[in-house]
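Structure, as structure tokens:
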Amino acid sequence: MCGRYSIILEEESLTRAFHAQLSQDIPPHYNAAPGQSLPVITNEKTSQVQLFRWGFIPQWAKEENVGYKMINARLDGIEEKTSFKKAFQSQHCLVLANSFFEWKQSSSGKNGKTPYLIKPKDQSLFAMAGIWNRWTNYTTGEEISSFAIITTEANELMGSIHERMPVILSSEQAAGWINSSLSIDKQKALLTQYDSEQMEAYEVTREVNKAYNDYPQLLEPLGDSIRIQTGSVS
DNA sequence: CCAGACGTTGTT
DNA sequence: GTCTGG
DNA sequence: CCAGACGTTGTT
DNA sequence: GTCTGG
């Protein structure tokens, strides 16, 4: 799954990869967590980065905390899910990221879980496929826009760490995902499993476990950690 | 019909 | 165990 | 995702 | 709101 990631937005790479603008200052997130306002690009406004809350709040929700249970949406079966159906048809977004974290359960059961950082080898900024929703709290009138990250089966590289991973899009796939003039069938075909050969992963400090820790050192390889790439360990 | 769920991951 | 909050 | 709380009343 | 289950 994907329950934590990093995003430090730079205007230049944003423009180059996604042809979108920043309309406000967006603080760096070295340790983005569910419940926070994070940068996305939606199909409704493809030229602007907006801040949406991570944790999809469905139409039927009576209160916003429902969103904490819906930080991810499984691609498999998503069209049959009451909560996600409508958004999967017409409310797509790109969740901007530089890397994401996954925790590997130690085989012995001892030492608990070890956090890893995973990212594409080549591009520093990438998009994860997301769905969004706009929800109104009828008690307070407050309107909240929220999103979930679509997940799929782990590829070879990810498999050694965790069973699931986010759907990662190339910039061409990303453009199609938020292009509402494409048919849903064509858009669905864009949601492919990212190539294992193009990714790398390494162990990071357990300081990342605490969501209130948010600084650049969280992204550094742990001193004696191994770097994982498909077919080789270096 | 009404009532109750509506989600994911991992662990047991 | 289960829920909330970051 | 992980961490941390999980409760009430009354008094300061 | 909408679907599933009784």
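By convention in this document, chain letters (A, B, ...) are assigned in the order of the sequence lines, proteins followed by strands, and residues within each chain are numbered from 1. Every heavy atom of this structure was used, including side-chain atoms; hydrogens, water molecules and symmetry mates were not.
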Check your understanding: Can a side chain N or O of A:Lys85 be found less than 4.0 Å away from OP1 or OP2 on E:dG1?
Key -> no

Exercise for review: Report the distance from atom CD of A:Glu63 to atom P of C:dG5, rounded to the nearest whole Å.
Suggested key: 9 Å

Check your understanding: Which pairs with one or both residues in residues 12-21 of chain A pass side chain to side chain donor-acceptor pair (under 3.5 Å), sequence neighbours excluded?
Key -> A:Glu12-A:Arg16

Check your understanding: What integer number of Å spans the C1' atoms of D:dA5 and B:dT8?
Key -> 22 Å

Review point. Atom CG of A:Asp214 to atom C1' of D:dC1: distance rounded to whole Å?
Key: 15 Å

Study note, to complete from the structure: To the nearest angstrom, the CH2-P distance between A:Trp54 and D:dC2 comes to 11 Å

Check your understanding: D:dC2 P sits how many Å from A:Gln36 CD, rounded?
Key -> 15 Å

Check your understanding: C1' atom, B:dG4 versus C:dG5: distance in rounded Å?
Key -> 27 Å

Exercise for review: Determine which bases of DNA chain B form Watson-Crick or G-U wobble pairs with both distances under 3.5 Å, and write the result as a 5' to 3' dot-bracket string with | for other-strand partners.
Suggested key: ||||||......

Practice item. Measure the distance between the ring centre of A:Trp60 and the centre of the six-membered base ring of B:dC6, then answer whether it is under 5.5 Å with planes under 30°. Key: yes

Exercise for review: Could you give the distance separating D:dA3 and B:dG10 at their P atoms, to the nearest angstrom?
Suggested key: 16 Å

Practice item. Before accepting this row, confirm whether a basic side-chain N of the pair A:Glu197/A:Lys121 lies closer than 4.0 Å to the acidic partner's carboxylate O. Key: no

For residues 178-185 of chain A, which side-chain donor-acceptor pairs fall under 3.5 Å, sequence neighbours excluded?
residue  : atom : partner  : partner atom : Å
A:Asn179 : OD1  : A:Ser181 : N            : 3.0
A:Asn179 : OD1  : A:Ser181 : OG           : 2.5
A:Ser180 : OG   : A:Asn43  : ND2          : 3.2
A:Ser183 : OG   : A:Lys186 : N            : 3.1

Point to revise | Euclidean distance, A:Tyr194 OH relative to A:Met158 CE, rounded to 0.5 Å | key: 13.5 Å

Exercise for review: Have a look at A:Pro58 and say if it touches a base, only the backbone sugar-phosphate, or nothing, with a 4.0 Å heavy-atom cut-off.
Suggested key: nothing

Point to revise | D:dC1 and B:dT9, which share atom name C1', separated by this distance in whole Å | key: 10 Å

Practice item. To the nearest Å, give me how far apart CG (A:Leu38) and P (D:dC1) are. Key: 17 Å

Practice item. Test A:Gln193 against A:Thr152 for side chain to side chain donor-acceptor pair (under 3.5 Å), laying out the working first. Key: CA-CA 7 Å; A:Gln193 190 187 55; A:Thr152 189; 5.4 Å; no

Check your understanding: Within this structure, what is the NZ-to-P distance between A:Lys62 and C:dT4, rounded to whole angstrom?
Key -> 14 Å

Check your understanding: What is the distance, rounded to the nearest whole Å, between atom NZ of A:Lys210 and atom P of D:dA5?
Key -> 11 Å

Check your understanding: How would nucleotides 7-12 of chain B be written as a contact map, 5' to 3', with B for base contact, S for sugar-phosphate-only contact and - for no contact, using protein heavy atoms under 4.0 Å?
Key -> BSSSS-

**Study point:** With A:Ser47 via side chain to side chain donor-acceptor pair (under 3.5 Å) - residues at least two apart
**Key:** none

Review point. Under the side chain to side chain donor-acceptor pair (under 3.5 Å) rule, what pairs show up with a residue in residues 84-98 of chain A, not counting sequence neighbours?
Key: A:Lys86-A:Gln91, A:Gln91-A:Asn133, A:His92-A:Gln187

Exercise for review: Identify whether the distance between the nearest side-chain nitrogen and carboxylate oxygen of A:Arg53 and A:Glu64 falls below 4.0 Å.
Suggested key: yes

Practice item. Between C:dT2 and D:dG7, how far apart are the C1' atoms? Round to whole Å, please. Key: 16 Å

Exercise for review: Find the distance A:Glu64:CD to C:dC3:P and express it as a whole number of Å.
Suggested key: 17 Å

Practice item. Could you check A:Tyr68, A:Phe147, A:Phe84 and say which one makes a ring pair (Phe, Tyr, Trp, His ring centres under 6.0 Å) with A:Phe56? Key: A:Phe84

Practice item. Determine whether the side chains of A:Asn137 and A:Glu142 contain a donor N or O and an acceptor N or O closer than 3.5 Å. Key: no

